[in-house]
Amino acid sequence: MTRPIRTPSRCALDARTRRTLHALAAAGLSMPVSAMAQVNPADLPGPTPELVGGPGGAERLLIHDDLTIEPIRLLSIVTNRDGTLVTYLDADEVLRYANADDLVAITHTDDLPFAIIGRNEWRQRFRGRPDMPHVVTLNTGERYVGRLALTDDGSEQLTLTHDPLGTFTVSLDDLARLTLGLRADAPIEGASTDDLIVFANDDTATGFVASIGSRVALETGDSVRTAPITSIREVRLANPPEPASGALVWLDDGSIIACDAFDTAGEERLILQATRRAQDPALALPNDAGESGPNAVAGGSEGARAAAAVAARDAALRLDEVAAVVFDAATARALATLDLTRVRADTSSGSQIGPTRDAPERALLFAAPIELPRPMSVRWALTAGAARVAARAELPEAFRRWGDPTLAVRIESSTGETVTLDRVALSADRPVAEVNIELPSGASSLWIEVEPGAHGAVQDAVTLRRAMVLIDADRIDG
């Protein structure tokens with residue numbers, strides 16, 4: 001539940017009110033939730049900076065724990081001993097706050113797939129640097145855009161410098177993909193038991209990648225082949241995927257950062273305590289021998305190493321650089337990431353065509369739009385604990401003259417019994433509908449069907465945006 005705190009104006013806020021609201025957020029978020037409703041802005045000590053994200057905050061969409069979506073202006077996200085709290089203005093400019101336990105995610109209002117970064121912007125950002133950016137994708141779904149320190153020591157680790165996280169290492173055992181240069185938005189297709197190297201001329205080689213440095217070593221049978229990394233466009237490792245959990249944060253450069261905690265740093269700044277952070281040796285406490293710095297981190301007591309970890313570098317960002325946040329990746333899955341197990345398409349208007357979607361790794365929250373370009377039935381295997389499904393169903397603008405499909409949502413039990421949960425008619429008069437349905441326990445598959453309308457099947461297409469499945473841990477345990 002969220003509690004409103006009425007502002008003097010329900011429309012535009014003056015500068016004094018904006019400063020007071022931000023001070024309320026900053027001070028209130030440092031105390032228990034129960035005390036926040038009793039805070040009087042006039043009693044707050046110290047300066048009152050402008051709203052984080054600018055005069056109106058950062059426009060975002062808030063996804064609640066029932067998958068309903070609310071447009072907001074995000075003010076701050078702060079973690080304290082009571083949890084993580086989000087402060088925002090709702091559509092009526094009422095100040096509200098919510099515990100992250102009652103939320104699924106925050107995402108950008110633009111739901112188009114987020115490619116890694118625009119090519120022109122990327123060239124400008126890295127212009128004049130001898131090394132092109134590298135994109136490191138881990139088997140948890142994390143992604144870091146930065147620059148590798150390329151050595152030839154045969155190490156099974158990568159050293160990556162990410163702005164603003166600093167320099168940290170990643171084990172090859174955790175690596176799913178390394179992309180070099182600007183072609184970082186190519187999707188990953190299929191799975192393999194072998195590692196794959198894609199060269200700049202589109203030639204490929206498979207085997208076991210033993211090391212990545214200025215040269216990449218590929219073991220094939222009893223032989224080892226090496227190639228300069230400058231000749232390689234992409235490296236894909238066959239490490240099995242790991243289920244993501246905890247908070248993930250999408251940045252505007254395409255990075256997806258695992259995050260342990262949040263804080264605010266005054267005007268227009270948000271601090272992320274990233275899971276993978278660079279340690280600052282200068283801040284390490286002395287070890288038992290009185291040494292400090294790198295030696296203390298490596299050879300000191302557990303207390304010294306823990307202190308060094310606490311002193312690790314956090315990421316300070318502008319709020320508008322944060323494109324999306326999912327507060328616990330284990331609580332929801334994008335429909336686009338679930339296994340598509342069957343397609344039945346109406347062939348009366350042409351050859352059979354299945355659904356199309358962009359690569360989930362290119363989309364915020366992995367929720368790539370799913371296009372059903374003609375009447376068809378599509379079945380997805382539901383993950384364990386699936387409790388609710390929600391999506392924005394759209395009749396594409398180009399088809400709104402004659403298109404009049406009906407979208408039917410059904411579930412299939414483990415015994416094969418199918419039950420219709422909802423039916424939504426789309427047309428020029430109602431081209432968009434929000435679908436939000438509780439799933440009964442025992443549902444093993446989700447069917448979504450586009451049924452033709454009275455005007456025929458030619459323009460009966462549906463696009464599903466931000467399609468998400470809510471996961472209830474109690475159903476998994478049960």
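We use all heavy atoms of the structure for the numbers below, so side chains are in, but hydrogens, waters and symmetry mates are not. The structure presented is a predicted model; accordingly, all values stated were derived computationally and were not measured.
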Judged by modelled atom types alone, do Asp339 and Thr341 share a side-chain donor-acceptor pair under 3.5 Å?
no
Supply the atom-to-atom distance Thr84 OG1 to Asp263 CG, rounded to the nearest 0.5 angstrom.
10.0 Å
Quick one about Thr140 and Glu142 (side-chain donor to acceptor, distance below 3.5 Å, no hydrogens or angles considered), yes or no?
yes
What do you reckon, is CD of Glu434 surrounded by more than 12 foreign heavy atoms closer than 6.0 Å?
yes
Residue pair Pro71 / Thr109, side-chain heavy-atom distance below 4.5 Å
no
Between Leu172 and Leu158, is there a side-chain heavy-atom distance shorter than 4.5 Å?
yes
Do the non-hydrogen side-chain atoms of Ile448 and Val435 ever get within less than 4.5 Å of each other?
no
Under a 3.5 Å threshold, yes or no: a donor from one side chain and an acceptor from the other, between Thr179 and Arg177?
yes
Stepwise side chain to side chain contact (heavy atoms under 4.5 Å, CB included) check, Phe327 with Val86
CA-CA 11 Å; Phe327 291 103; Val86 178; 3.7 Å; yes
Give me the atom names and distance for the closest heavy-atom approach of Thr463 to Pro396.
OG1-CG, 3.9 Å
Would you say that Tyr144 contacts Ile257 through its side chain, given a criterion of any heavy-atom pair below 4.5 Å between the two side chains?
yes
Starting at CD of Glu70, measure out to OH of Tyr88 and round the result to the nearest 0.5 Å.
4.0 Å
Parallel, tilted or perpendicular: which describes the rings of His162 and Phe168, with under 30° parallel and over 60° perpendicular?
tilted
Look up atom CG in Leu178 and atom CD1 in Ile229, then write down how far apart they are to the nearest 0.5 Å.
5.5 Å
Are Arg233 and Asp202 close enough for a salt bridge, meaning some N to O gap below 4.0 Å?
yes
How about Arg333 and Phe366: do any of their side-chain heavy atoms sit closer than 4.5 Å?
no
Just so I know, are the side chains of Phe262 and Val322 near enough to count as touching, which here means a heavy-atom distance under 4.5 Å?
no
Listing request: all ring-ring contact (aromatic ring centres under 6.0 Å, His included) pairs with a residue in residues 197-224, at least two apart in sequence or in separate chains.
none
Closest heavy-atom contact between Asp460 and Val450?
O-CG1, 3.7 Å
Is any NZ, NE, NH1 or NH2 atom of the basic residue among Glu412 and Arg379 found under 4.0 Å from an Asp or Glu carboxylate oxygen of the other?
yes
Within the structure provided, determine whether Leu365 and Arg466 are in side-chain contact (heavy-atom separation under 4.5 Å).
no
Is there a side-chain contact between Ile437 and Arg388 in this structure, where contact means two heavy atoms from C-beta onward sitting under 4.5 Å apart?
no
For the pair Leu138 and Arg276, evaluate side chain to side chain contact (heavy atoms under 4.5 Å, CB included) and give the outcome as yes or no after the intermediate values.
CA-CA 12 Å; Leu138 307 185; Arg276 302 176 190 274; 3.2 Å; yes
For Pro452 and Ala457, which heavy atoms make the closest approach, and how far apart are they?
CB-CB, 4.2 Å
Determine whether Asp65 and Asp101 satisfy the following criterion, side chain to side chain contact (heavy atoms under 4.5 Å, CB included), listing intermediate values before the conclusion.
CA-CA 8 Å; Asp65 60 2; Asp101 291 341; over 6 Å; no
